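Right, I'll just put the structure down here and ask away after.
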Amino acid sequence: MKKHQLKVQNSLTRKKEIFEPLHDGKVGMYVCGPTVYSDVHLGNCRTFVSFDVIYRYLKYLGYKVRYVRNITDVGHLVGDVDTGGEDKISKKARLEQLEPMEVVQRYMNGFHEMMTVFNTEKPDIEPRATGHIIGQIKMVQDILDRGYAYVKNGSVYFDTLKFAKDYPYGELSGRKIDELIAESRDDLKGQGEKNNPSDFAIWIKAEPTHLMRWESPWSVGFPGWHLECSVMSTKYLGKHFDIHGGGNDLKFPHHENEVAQNYGACDCAPAKYWLHTNMLLMNGKKMSKSDDNSITPQQLFTGDSKHVSKGYSPMTIRFFMLQSHYASTLDLSDDALSAAEKGYKRLTEANKVLQAMQPDPAAKAGDLDKEISDLIDLAHAEMSDDFSTPRAIGRLFELSAKINGLKGGQLNKKDLSAETLELLKTTFTDFIYTIFGLKDEDAGGSDNGVTDSLMQLIIDMRKTAREQKDWGTSDKIRDALKEAGVQLKDGKEGTEWSLV
Ligand code: AMP
Ligand code: ZN
């Protein structure tokens, strides 16, 4: 099969470019991970699922990939340092009377569990900011030595005006330094001890009550948030590496300042390609807790929310996420999820039919053979065009229609050669499992369907109990299953079960 050149939309150049790794056959990819001070939300999950597919596809293409995704466990402030912003993790620890590392561990565990539920692969390295304080102090010193930072009362600030004279500050986000200064000029109070409103802290002197603090040449303090990603990406991937990713809400100031720090410390640009995912919306609006327009992953699995009519399985949600391009907004709604559930079922059912199909001994490659080969080729071409999962899924649906036509007899198996049938089989398994990272949720397989049969029996017993209005028994069944880690979902087409 002809190989398609991979193209990626590079936020840095605002162009779709042919992907050419810096080192033949190898790819280094850094993605900004979560700040672990609260439960991971669905928006975060969307971003990490998107990069999981990108990681999987790069490996599928044969690259040896080193995927680094960090854990932010210090430095991410609520608000700005000049307005008295407190470290998010320190604040949570203070409010809940926990050790900061207890907060970190709790939410990091939760994040990892959620990543497993969504079947994402683990990164190759998952560095934590607190484990890289020495490297961060060194980078602050390097930036000071090169004259792009200054010390004020024990804190160190990046000098954006000085930097902008030598480098294109704002190149990534498109923000202009003059506009930034004008924007923040109205807010001189917020400038605090910085020389210029657009400067940002790279080392912050800790207040006496601040829980997380380290010795440094300037003060006992802690690093600025942007610094960790500059340090950890280059430590594990080199001064110049292939891909840097994250949600587009991070483009400014986080990523812009990361680029500035790298140039400031060593006169080199960190990533060749910057990839940005777009935001998850709900019912057309930004998902927001304060507007009562949000839903947790758990609520989405169980259906326990006014925003959905029933629960949806993790793989349905993953499929739903893949039905839009990573760089487009994704609007979560009950209707869209319900359509994704049907679509996902259609695809897996077509795959079951396909995998059981035997070639016709008298088969010859005819028109159908060509149509199917072309569609297979197109599916790969779509994926190679900036990882277009929605268009690749579209091609698989076109192929599913052919499979159903072969099964129903509208199409003739004599027109499909054994080679193309075999290729179609591997195409489906490659796309569904290896590239899209979907998995079978019926838990049958390994025990010859015994679990399925038992579950059907239990579901039927509960149905009978409910028909007889024996709520005690039906509730007992549901609760006992929940305890055993099995989730029941009642829908129009009956009750389904899944492992939670
Ligand atoms: P945070 O924990 O806020 O540092 O975010 C972790 C990652 O999730 C970052 O790459 C964010 O850009 C991304 N992210 C945050 N909110 C959303 C959202 N609503 N939709 C998609 N990605 C998001
Ligand atoms: Zn980052």
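What you see is a predicted model, and the numbers here were worked out from it, not measured in a lab. Values reported hereafter were calculated over all heavy atoms of this structure, with side chains retained and with hydrogens, waters and symmetry mates removed.
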Determine, using ring centers only, whether His23 and Tyr63 are less than 6.0 Å apart.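 They do not qualify: ring centres at least 6.0 Å apart.
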
Looking at Lys272 and Glu17, is there a salt bridge between them, counting it only when a charged N and a carboxylate O are closer than 4.0 Å?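 Salt bridge: no.
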
Over 60° means perpendicular and under 30° means parallel, so classify the ring planes of His244 and Phe241, tilted if in between.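 It falls in the tilted class, 30° to 60°.
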
Could you check whether Arg175 makes a cation-pi contact with Phe252, meaning its NZ or CZ is under 6.0 Å from the centre of the six-membered ring and within 45° of the ring axis?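 Relative to the ring axis of Phe252, which defines the angle, Arg175 lies inside both limits.
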
Just by distance, no angles: are the side chains of His276 and Ser11 close enough, under 3.5 Å, to form a donor-acceptor pair?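 The criterion, which ignores hydrogens and geometry beyond distance, is satisfied for Ser11 and His276.
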
Flag if over 12 foreign heavy atoms under 6.0 Å of CD, Glu99: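 Check fails, neighbour count at 12 or below.
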
CG/Leu161: more than 12 non-hydrogen atoms of other groups inside 6.0 Å: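 Enclosed: over 12 neighbouring heavy atoms sit under 6.0 Å from CG of Leu161.
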
Looking at Asp292 and Lys306, does any basic side-chain N land under 4.0 Å from a carboxylate oxygen?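 Yes.
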
ring-ring contact (aromatic ring centres under 6.0 Å, His included) assessment of His380 paired with Tyr57: CA-CA 10 Å; His380 287 281; Tyr57 193 59; 7.6 Å; no

Residue among Cys45, Pro123, Pro34 satisfying side-chain contact (heavy atoms from CB on, under 4.5 Å) with Met115: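 Answer after filtering Cys45, Pro123, Pro34: Cys45.
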
Polar contact flag, side-chain donor to acceptor under 3.5 angstrom, Thr160-Asp199: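 Their side chains do contain a donor-acceptor pair, which is all the 3.5 Å distance test asks for.
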
Could you check Phe301 against Tyr312 for ring-ring contact (aromatic ring centres under 6.0 Å, His included), going step by step and ending with a plain yes or no? CA-CA 5 Å; Phe301 301 150; Tyr312 294 96; over 10 Å; no

Could you tell me how the ring of Tyr148 sits relative to the ring of Tyr167: parallel (under 30°), tilted (30 to 60°) or perpendicular (over 60°)?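 Perpendicular: the ring planes of Tyr148 and Tyr167 meet at over 60°.
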
Ion pair present between Lys16 and Asp385, side-chain N to carboxylate O less than 4.0 angstrom?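 Result for this pair is yes, salt bridge flagged.
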
Side chains of Ser173 and Glu256, donor plus acceptor under 3.5 Å: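 Their side chains do contain a donor-acceptor pair, which is all the 3.5 Å distance test asks for.
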
Should we say atom NZ of Lys439 is surrounded by more than 12 heavy atoms from elsewhere, each under 6.0 Å from it?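 Counting other residues, nucleotides and ligands, NZ of Lys439 exceeds 12 neighbours.
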
Using a 3.5 Å distance criterion without hydrogens, assess whether the side chain of Asn119 forms a donor-acceptor pair with backbone atoms of Gly437.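 Looks like yes, one N/O pair under 3.5 Å.
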
Evaluate whether atom NZ of Lys235 has more than 12 neighbouring non-hydrogen atoms of other residues, nucleotides or ligands under 6.0 angstrom away.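 Not buried by this count: 12 neighbours or fewer within 6.0 Å.
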
Centroid-centroid distance, Phe436 to Phe319, less than 6.0 Å: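 No, too far apart.
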
Check this for me: does any side-chain nitrogen of one of Glu121 and Arg69 sit under 4.0 Å from a carboxylate oxygen of the other?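 No.
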
Salt bridge or not between Arg56 and Asp52? Use side-chain N to carboxylate O under 4.0 Å.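 Yes.
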
Are any side-chain N or O atoms of Thr429 and backbone N or O atoms of Thr426, one a donor and one an acceptor, separated by less than 3.5 Å?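 Checked: pair present.
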
Do His41 and Phe111 have ring centres separated by under 6.0 Å?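 Ring centres of Phe111 and His41 not closer than 6.0 Å.
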
Are Arg391 and Glu382 close enough for a salt bridge, meaning some N to O gap below 4.0 Å?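 Yes.
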
Is it true that a side-chain atom of Ser230 and a backbone atom of Glu258 form a donor plus acceptor pair closer than 3.5 Å?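 Answer holds: yes.
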
So, are Arg106 and Glu102 salt-bridged, with charged N and O less than 4.0 Å apart?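 Result for this pair is no, no salt bridge flagged.
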
Whether Phe222 and His210 hold their rings parallel, tilted or perpendicular, with breakpoints at 30° and 60°: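 Aromatic pair Phe222/His210 classed parallel.
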
Determine whether more than 12 heavy atoms belonging to other residues, nucleotides or ligands lie under 6.0 Å from atom NZ of Lys91.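 Counting other residues, nucleotides and ligands, NZ of Lys91 stays at 12 neighbours or fewer.
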
Six-ring centre of Phe163, Lys165 cation under 6.0 angstrom, axis tolerance 45°: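 No; the conditions do not both hold, so Lys165 does not lie above the ring face of Phe163.
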
Can a salt bridge be assigned to the pair Arg66 and Asp124 using a cut-off of 4.0 Å between side-chain N and carboxylate O?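 No, Arg66 and Asp124 are not salt-bridged.
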
Is there a donor-acceptor pair closer than 3.5 Å between any side-chain N or O of Asp73 and the backbone N or O of Arg128?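 The answer is no, because no donor-acceptor pair under 3.5 Å joins these two groups.
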
With a 6.0 Å cut-off on the ring centroids, do His226 and His254 count as close?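 Yes, close enough.
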
Do the side chain of Asn70 and the main chain of Gly33 share a donor and acceptor less than 3.5 angstrom apart?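 Checked: pair present.
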
Does either side chain, that of Tyr107 or that of Asp39, offer a donor lying less than 3.5 Å from an acceptor on the other one?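 Tyr107 vs Asp39: no donor-acceptor pair found between side chains.
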
Given the rule in the side chain to side chain donor-acceptor pair (under 3.5 Å) test, do Ser384 and His4 qualify, once you have shown the distances and angles that lead to the verdict? CA-CA 6 Å; Ser384 291; His4 299 277; 5.8 Å; no

With a 3.5 Å distance limit and no angle check, can you tell me whether Glu215 reaches the backbone of Val220 through a side-chain donor-acceptor pair?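 No, the answer is negative, given that no donor and acceptor are paired below the 3.5 Å cut-off.
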
Identify whether the distance between the nearest side-chain nitrogen and carboxylate oxygen of Asp166 and Lys162 falls below 4.0 Å.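 No, Asp166 and Lys162 are not salt-bridged.
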
Modelled atom types, side-chain donor and acceptor of Glu441 and Ser313, under 3.5 Å: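 Side-chain D/A pair, Glu441 to Ser313: present.
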
Does Tyr273 have its ring centroid less than 6.0 Å away from the ring centroid of Phe19?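 Ring centroids of Tyr273 and Phe19 are less than 6.0 Å from each other.
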
Taking Asp334's backbone N and O only, do any of them form a donor-acceptor pair with Ser338's side chain (distance below 3.5 Å, no angle check)?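 Absent.
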
Can you say whether the rings of Phe51 and Tyr326 are parallel (under 30°), tilted (30 to 60°) or perpendicular (over 60°)?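 Tilted: the ring planes of Phe51 and Tyr326 meet at 30° to 60°.
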
Is there a donor-acceptor contact under 3.5 Å from the side chain of Asn262 to the main chain of Val259?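 Looks like no, no N/O pair under 3.5 Å.
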
For residues Ser155 and Trp203, is any side-chain donor paired with an opposing acceptor at under 3.5 Å?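 The answer is no; no qualifying pair exists.
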
